[in-house]
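Contents: one structure, followed by commentary.
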Amino acid sequence: MWIIGVLGFGQQGWGGLLIAGALMTLCVTIAALLLGAVLGTMVAWAKLSGNAVLRALGNAYTTVFRGVPELLIIYLIYFGGSGAVTAIGRYLGYEGFLGLPSFAAGALAVGIISGAYQAEVYRGAFLAIPKGELEAAEAIGMHRGLRFRRIIAPQVLRFAIPGIGNVWQLSLKDSALVSVTGLADLMRTSQVAAGSTRQYFLFFIAGGCLYLVLTSLSDRLFNRAERRANRSMPSSLGQA
Amino acid sequence: MVHEPSAAATTVNRLSVRNIRKKFGPLEVLRGISLEAHDGDVISILGSSGSGKSTFLRCINLLEIADEGEIWVDGEHINMISKHGRNVPASSKQVDHIRSELGMVFQSFNLWSHMTILQNLIEGPVHVLKRPRAECIEEAEALLVKVGIADKRHAYPAHLSGGQQQRAAIARSLAMKPKVMLFDEPTSALDPELVGEVLRVMRALAEEGMTMLVVTHEMNFARDVSNRVVFMREGLIDCAGSPAEMFSGATSAAFRQFIGNFRG
């Protein structure tokens, strides 16, 4: 009975806080994924461009942010960013420590990392578009922007869905590291609950279960999107 | 800007190409090709692989940029400038405009795989020509009837046979109401039993008076449908003439040998 008590939604229960933590995790991950999509598109474009400088910059981005531990980047952005904000504050006459909001810092850090992985996904997806289809678009008189909007973007999205699903899952778990900044995400909430009730097994298992709920639900969503996007492919013959 | 391609020309040609040259690295693929197509001409371009015939076709709609030479489409001169020592089109707007007037049919069909057949057909008219959607759909449906795949309009390209895909690709080009149709080995990727259905569509187009340039290995099409046959060899036009002249045997030794190979 006591399990229901501590996990429940009553006054003694941590249930509500755990759910709130899970939602916070979801929000950080969504924000990171969106930021990563923007960064990833830009980096993929740089890596595919004919310009040697842009290509080198794109390569540097993916090499650095895929090659350095996620935790280090979170520290770098949270503490480094707060240091910079404090310095600017002092310059403007404000004495004392100014912290970067932990949500923004976390989403930024995870987003930057996610962007590095997404860039590779988009680049691969672009290369998967049959070259002839791009040529047909040119041959019919589509200008560059139209080609991107009508032929490239929809197909990149289609080929990228499985890879993005993967990156989403990675980001969801990376977001647990954001708890080091004190953000009350699922990880942090489980930790606090475990510490204050001394029910370590119970709360870390409960937290783990909630992570699994998030990942398996999103997995389903991505599978459905993938099926829908692939309805024009030969393998879906007969499903239509 | 309208230039007369030559002083002798009394009417504006659908297509005039003068002295096209193209190098890929050290390899000179086109060594000075000139060609005129009048309204309703059906010109078959023959030649062994590596003779430059596909490159020539791709230079006309600027998928490849010729190093030298001039092109007029329906009297409009394609303006080129020299940039870093390379010949490039002066205006990408003009390039898009010229391309919208030239229908291109590829060996590998190149239908857009994420769109249904009907969407493939209306894509150009709606987004490039910016014509009303309803009107484009109506015309597209008629074109699909004409090429015999009206029942496939809501299917995706991957669900069609090669012959059906190529007929859809021809219809996609026709939907732009092109001044000239360019065919780049349109039947070479097809199983033998599917070649006939594509050639029938092309023959019907020729009979309607469409101006066509056809790079092909189909000798029967060249002989029976086209009114001019051009034989390319090593980046040059080796010989050209009416099918009757060309296939009578009174042409170059190289062409006689070339068609001899086809007869086995």
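Because the structure is predicted, anything quoted here is derived from the model rather than measured.
Side-chain contact between B/S113 and A/Q155 is present, with at least one heavy-atom pair separated by less than 4.5 Å. Between A/E135 and B/R58 there is a side-chain heavy-atom pair separated by less than 4.5 Å. In this structure the side chain of B/V95 never reaches within 4.5 angstrom of the side chain of A/E138, judged on heavy atoms.
Residue B/L182 does not touch chain A at all, counting heavy-atom pairs closer than 4.5 Å. Residue A/A229: no heavy atom, backbone or side chain, is found under 4.5 Å from chain B. In this structure, the portion of A/L146 lying under 4.5 Å from any heavy atom of chain B is its side chain and not its backbone. Contact of A/R150 with chain B is made through backbone and side chain together, with heavy-atom distances under 4.5 Å.
For A/R55, the CZ atom sits in a packed shell: over 12 heavy atoms of surrounding residues, nucleotides or ligands are nearer than 6.0 Å. With a 6.0 Å radius and a threshold of 12 heavy atoms from other residues, nucleotides or ligands, A/E226 has its CD atom above the threshold. Residue A/Y75 qualifies as open at atom OH: its count of foreign heavy atoms under 6.0 Å is 12 or below. Within a 6.0 Å radius of CZ in A/F148, other residues, nucleotides and ligands contribute 12 heavy atoms or fewer. Other residues, nucleotides and ligands contribute at most 12 non-hydrogen atoms within 6.0 Å of the CZ atom of A/R144.
Note that CZ of B/R99 is 12.0 Å distant from CE of A/M142, once rounded to the nearest 0.5 Å. With rounding to the nearest 0.5 Å, the separation of NE2 in B/H114 from CG in A/N230 is 13.0 Å.
Of the residues considered (B/N61, B/N110, B/T116, B/L102), B/N110 shows the highest number of contacts with chain A, using heavy-atom pairs under 4.5 Å. For chain A, the option among B/K93, B/E101, B/R172, B/Q107 with the highest count of heavy-atom pairs below 4.5 Å is B/R172.
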Decide side-chain contact (heavy atoms from CB on, under 4.5 Å) for A/I140 and B/E123; before the verdict, give the C-alpha distance in whole Å, the side-chain angles of both, and the deciding distance to 0.1 Å. CA-CA 9 Å; A/I140 212 160; B/E123 183 66 19; over 6 Å; no
I'd like to know whether A/E133 forms a side-chain contact (heavy atoms from CB on, under 4.5 Å) with B/L111, so could you lay out the CA-CA distance, the side-chain angles of the two residues, the decisive distance to 0.1 Å, and finally the verdict. CA-CA 6 Å; A/E133 293 187 28; B/L111 292 166; over 6 Å; no
Stepwise side-chain contact (heavy atoms from CB on, under 4.5 Å) test for B/W112 and A/I129: CA-CA 10 Å; B/W112 297 304; A/I129 303 176; over 6 Å; no
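When all heavy atoms of A/A136 and B/F106 are compared, the pair lying nearest together is CA-CE1, 3.7 Å.
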